[in-house]
Amino acid sequence: MNMESRPVIRFGLLQQMLAGFAAGALLVIGLLWLGDSMLRETSRQLVATLEHHVRPLAGLHRLQARLDGVRNLELELSRLHDVFVVQAHAARLDSEIQALEGELGEFAGRLALHSPRDAGRLTGHWLEYRERLVEQVRLAREMDMPGVERITTSGSYLPFTSIQSLLREVSVRTEQNAESAYLETVREQDRQRAMLLLLVAVASSGLLAGLAWSGRTVVRRVRTLREHARGLAAGDPGGRVGIGGRDEIGDLARAFETMREQVQAREAALHHAREELELRVEARTADLREANRNLRLLSQAVEQSPVGILIADAGGVVRFANPAYRRIGELPLSPENILLVDALANEPNVQNAGSDLNGVIGEVARTGESWEGERQITRNSGEVVWERVRVTPVFDDTAVVSHLVLSREDITEGRSQQEKIAWQAHFDSLTGLPNRALAIDRLFQATGRSQRDGSRVGAMFIDLDNFKQINDTLGHAAGDELLRQAAQRLAGAVRREDTVARLGGDEFLLVLGGLSRGDETVEVAEKIIAAFASPFQIDERELVTTPSIGIAVFPDDGDDPMVLLRNADLAMYEAKDAGRNAFRFFNQAIHDQSLRRLEVGRCLRGALSRGEIFVVYHPLIDALSGRVVGAEALMRWHSAELGNVTPDTFIPVAEQNGMIIELGAWILAEACATLSRWQQRQKDFVMAVNVSPRQFRAPGFVDSVAECLAAHGLSPSQLEIEITEGLLLRNQAEASRLLGELHDLGVRLSMDDFGTGYSSLSYLRQFPFHTVKIDRSFVRDLAEDRLDRALVIAAVRMAQAMGMRIVAEGVETDEQWAFLADEACDTLQGFRFGQPVREAEFAPRWLNAQVGRLLPETMAAAM
Ligand code: C2E
Ligand code: CA
Ligand code: CA
């Protein structure tokens with residue numbers, strides 16, 4: 001890393017090559033220069049040899065020649081005789097002597113440089129010879145020829161030969177010197193040439209070695225790199241490359257190293273990713289295997305299930321049917337591609353396998369809401385089979401119904417047991433028709449369906465006109481038989497899916513669902529009247545009874561099933577008023593009443609602030625001791641415009657327009673305030689307050705109760721909240737929660753008007769009720785109605801068994817009182833004891849009061 005900051009001296013391949021070339025060139029230049037200087041030295045030596053040895057030799061030869069010429073002139077001179085010729089010759093000799101002397105002198109001078117002794121001898125001999133020669137010239141000039149001849153033959157010969165031999169000697173020596181000098185030079189030259197060759201050889205092999213070394217280094221590094229690259233390409237990451245240097249190969253090696261690291265890192269990442277992928281694939285495979293196993297188990301379970309299961313697609317085409325279904329539905333082995341409608345319609349042994357299901361299936365496919373129900377099918381053999389049928393939608397990813405699962409289970413056996421029990425709860429034992437509870441349930445179902453599909457429901461209230469008379473005169477057995485036969489005629493007049501129920505006594509209810517217009521009921525009503533036209537055959541007697549029919553149509557004549565029922569009842573009375581054996585629609589009356597409701601609603605607004613609303617208290621009496629144990633707070637309205645309006649009129653209106661929340665809160669506060677004043681005088685006094693469904697579900701209701709209690713310093717157990725069963729029908733989870741909260745608060749909960757709605761035991765068990773209030777309609781007819789007595793007795797036993805207190809309301813007579821006290825009813829309420837009164841009147845009369853107890857005789861007389 002520091003390398004980057006340091007200045008890097010690069011020595012690249014190009015530089016290396018240039019350096020190599022430069023070194024080679026320098027070497028060549030050096031060698032050339034060396035060779036050149038050697039050559040020059042050799043030629044210089046040759047010139048020196050020439051200078052020292054050859055040139056003197058040439059001068060020597062010239063001197064010898066000139067000496068020989070002088071000797072010849074001397075000899076010739078001695079033989080001449082002519083004066084003139086002798087004179088001329090002497091002159092020539094003389095000049096020759098002069099010339100010889102010059103040359104000799106010069107030669108001797110040079111000789112003296114390296115051989116002074118020879119030079120001295122030569123000079124000595126010459127002086128001797130020159131003296132003889134000069135003598136001869138003088139003699140010649142004097143024409144003394146014999147003297148000349150004498151000197152020539154004896155006098156000059158010796159010095160001449162001495163010079164001649166000396167010169168020869170020197171010449172020989174010089175020649176030898178020259179030769180040896182030449183040979184020496186040649187030898188020197190050979191030595192230098194050998195030297196040069198050696199140098200060239202050494203230098204060029206050095207250069208070659210250098211080049212080879214650097215070449216080899218380059219090649220070696222490149223090869224190393226190549227091996228690593230090959231390794232990397234083959235997938236072997238290998239170790240470090242280990243090539244340094246500041247040249248391109250070094251760069252390449254570093255780049256390669258980086259690349260290798262990256263490749264390794266990438267490979268590691270890849271490896272990791274692959275491992276992870278493998279793990280995931282494994283996990284997924286395991287999941288899939290598990291899912292497959294589950295699927296197999298599931299499909300085996302489905303295959304072996306005793307419940308018939310059929311799957312159809314959205315187009316109604318059968319896709320699957322398990323063996324159980326194929327058995328039940330008598331389908332072929334592979335029923336796929338058959339239309340479900342056909343599959344249902346073509347069940348060979350069954351009379352009605354599909355007819356009732358097709359509608360349900362269509363409904364489930366359309367709404368996406370599953371359906372469950374039980375139905376009866378009749379086999380051709382006449383055997384009746386009970387089936388539990390479920391139609392469940394299957395949704396695709398886009399929440400659209402893609403398939404339907406139809407399951408059918410034969411529950412004939414289980415049902416017969418269960419049926420007996422249920423039957424008793426839901427059917428009238430005398431006629432076999434649905435009882436009041438089931439009739440109301442059916443009515444709720446029909447109106448519920450009507451709200452979904454916009455159809456209408458007709459509720460027909462039927463009362464037999466002279467039944468009471470027949471019953472009284474001919475006895476109960478005849479009355480019962482008449483009711484049985486009447487029930488059969490009624491059932492025969494309607495469609496299979498309609499409900500004919502006995503509400504009690506001679507009252508029947510018909511529920512006609514799925515109508516498109518209200519007046520479709522006319523046909524049924526006329527049929528019923530026609531059905532009653534012929535007399536009944538009872539105990540060999542012919543009896544005639546006629547029906548009075550009241551018709552109310554949902555939702556036109558009431559958007560609540562209970563209201564509908566009440567309106568049908570009202571219409572029935574109109575029919576009776578109209579002269580019996582007739583039917584009447586709840587038309588004008590409901591119209592008038594709805595107008596009145598509007599009026600009531602209008603006047604009710606502001607009634608509270610105008611002080612038109614007030615509370616009355618109705619005492620609650622302990623059945624055994626006759627002590628007053630509490631009171632029910634009841635709302636009253638004296639309207640400036642309408643006069644007194646009963647709670648039965650304005651409470652439903654207030655419930656509908658929401659004012660009940662305000663009114664309910666007001667009466668709760670009033671009742672609590674009153675109770676706080678009374679509790680000083682009677683400690684255990686309990687105040688019962690009615691709470692309507694809408695008020696009950698209003699946000700913060702429970703809190704408001706707690707606040708109210710706290711504000712007046714009351715113990716929660718002194719407050720009893722009365723609610724009706726209707727509250728429990730809708731959104732049970734919410735109702736359960738709220739009731740639980742109230743219970744936790746310590747407040748008592750009372751089930752009001754018990755017996756008029758579902759009166760289901762399961763409700764009572766399911767919610768934390770403290771008290772059950774038997775509706776006054778049951779108390780009213782206690783004297784005459786066996787069934788009502790039975791119901792009251794049953795309700796008391798049941799409440800006792802569940803540890804609940806039971807209150808009977810509407811006690812008007814001593815008989816009723818006696819009966820209820822006898823049956824161990826806990827608390828009584830009714831006009832027998834007094835009317836509901838205002839606080840000011842209540843306190844002095846009822847606080848700490850006790851009503852007179854009945855005498856045993858009275859009780860006996862009452863019953
Ligand atoms: P309920 O809750 O069943 O109240 C008892 C009703 O029975 C009262 O009628 C009472 O006067 C009447 N009653 C008591 N003893 C006898 C008797 O011996 N014979 C007869 N024939 N009737 C008797 P009321 O005050 O006209 O109230 C009618 C209904 O109006 C109440 O029935 C209750 O459902 C509702 N209601 C009255 N006050 C309130 C209230 O403050 N809040 C709510 N939510 N509803 C109220
Ligand atoms: Ca009540
Ligand atoms: Ca009541």
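Remember, it's 1-based here, ligands and their atoms both numbered in the order they're listed.
Residue-level proximity to ligand 1 for Asp753 is carried by the side chain, the only part with a heavy atom below 4.0 angstrom. Under 4.0 Å from ligand 1, the heavy atoms of Arg776 that appear belong solely to its side chain. Neither the backbone nor the side chain of Arg780 comes within contact range of ligand 1; no heavy atom lies under 4.0 Å. Contacts between Asn690 and ligand 1 below 4.0 angstrom, taking non-hydrogen atoms only, involve backbone and side chain alike.
The residue from Val616, Ile651, Val615, Ile660 that puts a heavy atom closest to atom 46 (C) of ligand 1 is Ile651. Residue nearest to atom 4 (O) of ligand 1, selected from Glu632, Arg636, His618: Glu632 (by heavy-atom distance). Closest heavy-atom approach to atom 44 (N) of ligand 1 among the candidates Pro647, Ser692, Ala671: Ser692.
Using a 4.0 Å cut-off to heavy atoms of Val811, the atoms of ligand 1 that qualify are 18 (O). Proximity to Glu812 (heavy-atom distance under 4.0 Å) selects the following atoms of ligand 1: 17 (C), 18 (O), 19 (N), 20 (C), 21 (N). Which parts of ligand 1 touch Glu809 is read off a 4.0 Å heavy-atom cut-off, strictly below it: atoms 3 (O), 5 (C). Taking every non-hydrogen atom of Leu634 and a distance limit under 4.0 Å, the qualifying atoms of ligand 1 come out as 4 (O), 8 (C), 10 (C), 11 (O), 25 (O), 37 (C), 38 (N). Close approach of ligand 1 to Ile667 (heavy-atom distance below 4.0 Å) involves ligand atoms 41 (O).
Contact check on Lys773 versus Glu720 returns no salt bridge, with no Lys/Arg side-chain nitrogen under 4.0 Å from an Asp/Glu carboxylate oxygen. Using a 4.0 Å cut-off between a side-chain N of Lys or Arg and a carboxylate O of Asp or Glu, Asp648 and Arg566 do not qualify as a salt bridge. The pair Arg456-Asp556 meets the salt-bridge criterion, since a charged nitrogen lies less than 4.0 angstrom from a carboxylate oxygen.
Looking at Glu722, its N, O or S atom nearest to the Ca ion (ligand 2) turns out to be OE1.
Within the 3.5 Å criterion, the main-chain N or O of Ser455 finds a donor-acceptor partner in the side chain of Ser450. Judged by distance alone, with hydrogens and angles left aside, the side-chain atoms of Asn567 form a donor-acceptor pair with the main-chain N or O of Asp557 at under 3.5 Å.
Ring centroid separation for the pair Phe833 and Trp846 does not come in under the 6.0 Å cut-off.
Heavy-atom distances between Thr646 and ligand 1 stay at or above 4.0 Å for every pair. Within the structure, the closest approach of Gly810 to ligand 1 falls below 4.0 Å when heavy atoms are considered.
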- [ ] Go through the steps for Phe585 and Thr521 under the test side chain to side chain contact (heavy atoms under 4.5 Å, CB included), then give the verdict.
- [x] CA-CA 10 Å; Phe585 273 94; Thr521 52; 3.2 Å; yes

TODO: Go through Thr771 and Arg748 one step at a time and tell me if the side-chain hydrogen bond (donor to acceptor under 3.5 Å, both in side chains) criterion holds.
DONE: CA-CA 8 Å; Thr771 307; Arg748 293 182 181 189; 5.2 Å; no

Open item on the list: Go through it in stages, so that I can follow the logic: the residues are His638 and Asn644, the test is side-chain hydrogen bond (donor to acceptor under 3.5 Å, both in side chains), and I'd like the CA-CA distance, side-chain angles, deciding distance and then a yes or no.
Closed with: CA-CA 4 Å; His638 180 82; Asn644 281 334; 2.7 Å; yes

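If you put the vertex on the Ca ion (ligand 2), OE2 of Glu632 and OD2 of Asp752 sit 160° apart, to the nearest 10°.
For Asp465 and Ser548, the side-chain atoms include at least one donor-acceptor pair closer than 3.5 Å.
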Side-chain donor/acceptor pairs under 3.5 Å, residues 669-676, sequence neighbours excluded:
unit_1 : atom_1 : unit_2 : atom_2 : d
Thr674 : OG1    : Tyr617 : OH     : 2.8
Thr674 : OG1    : Glu670 : O      : 2.9
Ser676 : OG     : Ala673 : O      : 2.8

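Close N/O approach between Val691 and ligand 1 is not found [any backbone or side-chain N/O within under 3.5 Å].
Every side-chain hydrogen bond (donor to acceptor under 3.5 Å, both in side chains) that Arg677 has, sequence neighbours left out, goes to Glu839.
At a cut-off of 3.0 Å, Asn690 is counted among the residues with an N, O or S atom near the Ca ion (ligand 2). For the Ca ion (ligand 2), the set of nearby N, O or S atoms under 3.0 Å includes none belonging to Glu809.
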